[in-house]
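Scroll down for the structure; my scribbles are underneath it.
Only heavy atoms go into these numbers, but all of them, side chains included; no hydrogens, no water, no symmetry mates. Position 1 is the first residue of the sequence; numbering continues from there. Keep in mind it's a predicted model, so treat the numbers as computed, not measured.
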Amino acid sequence: MKERFINRMMKTATMLMLSVIVMSCGMFYHNADDIINDMRDARHAQYVNVGSGLLGLGRLISPTLSEAALGITSVQVLDLSKCSVGDREKFRKRVMNLTKNRSYEEIVTKQAGYDTRTALIRRDGQYVSEMVLVNASDMTDVMVLIFGHINLENLERIINDQSIYTIK
């Protein structure tokens with residue numbers, strides 16, 4: 001009887017510890033892809049995913065695109081400009097948590113009043129494997145997520161390109 005009680009308590013304690021570990025990992029593991037997947041279904045959100053096939057076609061058509069996009073394998077764009085204020089605030093809070101994520105390196109943050117532009121990267125050795133570009137202002141809330149094997153020389157050109165922050 002005593003052994004059953006001890007075994008039951010040990011099982012309960014083990015399951016409790018496992019659930020705490022799983023919950024804590026889920027709470028602290030946030031990345032840009034999760035934000036886009038959660039927010040793209042918001043009402044009036046605009047989401048575009050440009051895969052490697054379409055990027056390859058664009059490189060054939062435009063030589064300047066092939067030069068600037070060297071190493072990019074896919075691009076995801078999320079525009080919440082037409083969404084409700086609540087959805088936009090939720091997005092901004094999640095982006096702020098993303099900037100605190102240790103797996104991302106913050107390389108640029110420009111603030112002018114309420115307008116904020118942020119660029120975060122994830123490195124894979126000498127190359128950038130993931131780049132997150134966020135523009136938040138009164139008028140726009142846009143996130144661009146770029147995957148690939150990007151040279152550091154192309155990084156500044158991609159970050160400073162103003163056209164990727166607007167969907168026309």
Answer yes or no: is there a side-chain heavy-atom contact under 4.5 Å between Val134 and Thr116? no

Listed partners of Arg123 passing side-chain contact (heavy atoms from CB on, under 4.5 Å), at least two apart: Glu105, Ile121, Leu152

Atom CG of Asn135 and atom OG1 of Thr140: how far apart are they, to the nearest 0.5 Å? 4.0 Å

According to a hydrophobic-cluster definition based on side-chain heavy atoms being under 4.5 Å apart (Ile, Leu, Val, Met, Phe, Trp, Tyr only), do Val75 and Ile107 belong together? yes

Using the rule that two of Ile, Leu, Val, Met, Phe, Trp, Tyr join whenever any of their side-chain heavy atoms come within less than 4.5 Å, decide whether Val50 and Ile150 are in one cluster. yes

Where is the tightest heavy-atom contact between Leu78 and Ile36, given as atom of each residue plus distance? CD2-CA, 4.1 Å

Nearest 0.5 angstrom please: Asp124 CG to Gln126 CD, how far? 10.5 Å

Selection residues 41-54 - residue pairs positive for salt bridge (charged side-chain N to carboxylate O under 4.0 Å, His left out), sequence neighbours left out: none

Working to the nearest 0.5 Å, report the span between OG1 of Thr118 and CE of Met143. 9.5 Å

Gap separating the CG atom of Asp33 from the CG atom of Leu145, nearest 0.5 angstrom: 6.0 Å

Partners passing side-chain contact (heavy atoms from CB on, under 4.5 Å) against Asp38 (at least two apart in sequence or in another chain): Arg94

Salt bridge (Lys or Arg N to Asp or Glu O under 4.0 Å) against Arg40, all qualifying residues, sequence neighbours excluded: none

If you group Ile, Leu, Val, Met, Phe, Trp and Tyr by side-chain heavy-atom gaps below 4.5 Å, do Val132 and Tyr127 land in one group? no

Got a second to check how far Arg117's CZ is from Leu133's CG, nearest 0.5 Å? 8.0 Å

Examine Ile72 and Val48 and state if one hydrophobic cluster contains both, with Ile, Leu, Val, Met, Phe, Trp and Tyr joined whenever side-chain heavy atoms are less than 4.5 Å apart. yes

Looking at CG of Asn97 and CG of Asn31, how far apart are the two atoms once the value is rounded to the nearest 0.5 Å? 12.5 Å

With a 4.5 Å cut-off on side-chain heavy atoms, are Glu130 and Tyr104 touching? yes

Using the test side-chain contact (heavy atoms from CB on, under 4.5 Å), find all partners of Ala42 that sit at least two apart in sequence or belong to another chain. Ala45, Cys83, Asp87

Could you pull out all residues at least two apart from Ser74 that satisfy side-chain contact (heavy atoms from CB on, under 4.5 Å)? Phe147

With Glu89, which residues qualify under salt bridge (Lys or Arg N to Asp or Glu O under 4.0 Å), at least two apart? Arg92

For Ser129, side chain to side chain donor-acceptor pair (under 3.5 Å) partners two or more places apart: none

